[in-house]
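Structure first, then comments.
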Amino acid sequence: MDDAYIGDVLELVAAIPPGRVMAYSDIAREVGGGPRQVGSVMSHWGSDVPWWRVVRADGRPATGHEERALVHFAKERTPMRPGGERVDLREARWEPPSIRS
DNA sequence: TGCTTGACTTACG
DNA sequence: CCGTAAGCCAAGC
């Protein structure tokens, strides 16, 4: 768990556009490591980035932050599934532009 | 060194 | 769709 890794994760999270989200597994595939590591980084150093734009694989917000995340989702008009508890990943999932040609 | 833990996933029934 | 079980990666004790 080095600073470079932490920086990569936070940087990527900070790059997620409003109204869009990324799953822990998505971030893990981008920066390396596993989803749990990404979760660990977020829990320790994610307080100053748009953490609510990082959701679980099923579209539910991070454990322990469901309520606060929903407020932000409503404010950003994030596409939600019927029921409003989970993000509609099909619509809101964001792919970093770093894939370049 | 070995076991437990955690902002997680995926596979199954 | 829901709950359970197993897999995973690294850190903490």
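Hydrogens, waters and symmetry mates play no part in the numbers below; they use all other heavy atoms, side chains included. Proteins come first, then strands; the chains are lettered A, B, ... in the order of their sequence lines, and each starts at number 1.
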Identify each atom pair where a protein N or O and an N or O of nucleotides 3-5 of chain B are less than 3.5 Å apart, giving names and distance.
none

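Pairs engaging residues 37-51 of chain A under the side-chain hydrogen bond (donor to acceptor under 3.5 Å, both in side chains) rule: none recorded [sequence neighbours left out]. Contacts classified as side-chain hydrogen bond (donor to acceptor under 3.5 Å, both in side chains) and involving residues 77-91 of chain A (residues at least two apart or in different chains) are not found.
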Applying side-chain contact (heavy atoms from CB on, under 4.5 Å) to A:Arg53 and A:Trp94, what does each step give before you reach the verdict? CA-CA 10 Å; A:Arg53 295 178 191 154; A:Trp94 181 68; over 6 Å; no

I'd like to know whether A:Met42 forms a side-chain contact (heavy atoms from CB on, under 4.5 Å) with A:Val13, so could you lay out the CA-CA distance, the side-chain angles of the two residues, the decisive distance to 0.1 Å, and finally the verdict. CA-CA 9 Å; A:Met42 290 307 285; A:Val13 172; 4.0 Å; yes

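For A:Thr63, the side-chain hydrogen bond (donor to acceptor under 3.5 Å, both in side chains) partners at least two apart in sequence or on another chain are A:Arg56. In this structure A:Arg29 satisfies the salt bridge (charged side-chain N to carboxylate O under 4.0 Å, His left out) test together with A:Asp26, sequence neighbours excluded.
Residues from residues 1-21 of chain A placing a heavy atom under 4.0 Å of any atom in DNA chain B do not occur.
Heavy-atom contacts of chain A under 4.0 Å fall on DNA chain C between two terminal nucleotides, which in 5' to 3' order are C:dG7 to C:dA11.
Using a 4.5 Å heavy-atom cutoff, the side chains of A:Val21 and A:Leu89 are in contact. Under the 4.5 Å side-chain criterion, counting only non-hydrogen atoms from C-beta, A:Val87 is not in contact with A:Arg93.
Pairing each heavy atom of A:Gly46 with each of A:Leu10, the nearest pair is CA-CD2, 4.0 Å. Closest of all the heavy-atom pairs between A:Ala14 and A:Pro50 is CA-CD, 3.9 Å. Listed here is the closest heavy atom pair of A:Met22 and A:Pro96: CE-CD, 3.9 Å.
Consecutive Watson-Crick or G-U pairs involving DNA chain C, each under 3.5 Å on both distances, make up stems of three or more pairs at B:2-6 with C:9-13, B:8-13 with C:2-7.
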Show the atom names and distances, to 0.1 Å, of all donor-acceptor pairs under 3.5 Å that link a side chain in residues 65-74 of chain A to residues at least two apart or in another chain.
unit_1, atom_1, unit_2, atom_2, d
A:Glu66, OE1, A:Gly64, N, 3.2
A:Glu66, OE2, A:Gly64, N, 3.1
A:Arg68, NH2, A:Gly64, O, 3.4

Extract all donor-acceptor atom pairs below 3.5 Å that involve side chains of residues 2-9 of chain A and protein atoms in other chains or at least two apart in sequence.
unit_1, atom_1, unit_2, atom_2, d
A:Asp2, OD1, A:Ala4, N, 3.4
A:Asp2, OD1, A:Tyr5, N, 2.8
A:Tyr5, OH, A:Gly32, O, 3.1

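A donor-acceptor pair under 3.5 Å is formed between the side chain of A:Arg20 and the backbone N or O of A:Ala92.
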I'd like to compare against my own output: the B/S/- annotation of nucleotides 8-13 of chain B with a strict under-4.0 Å heavy-atom distance to protein. BSS---

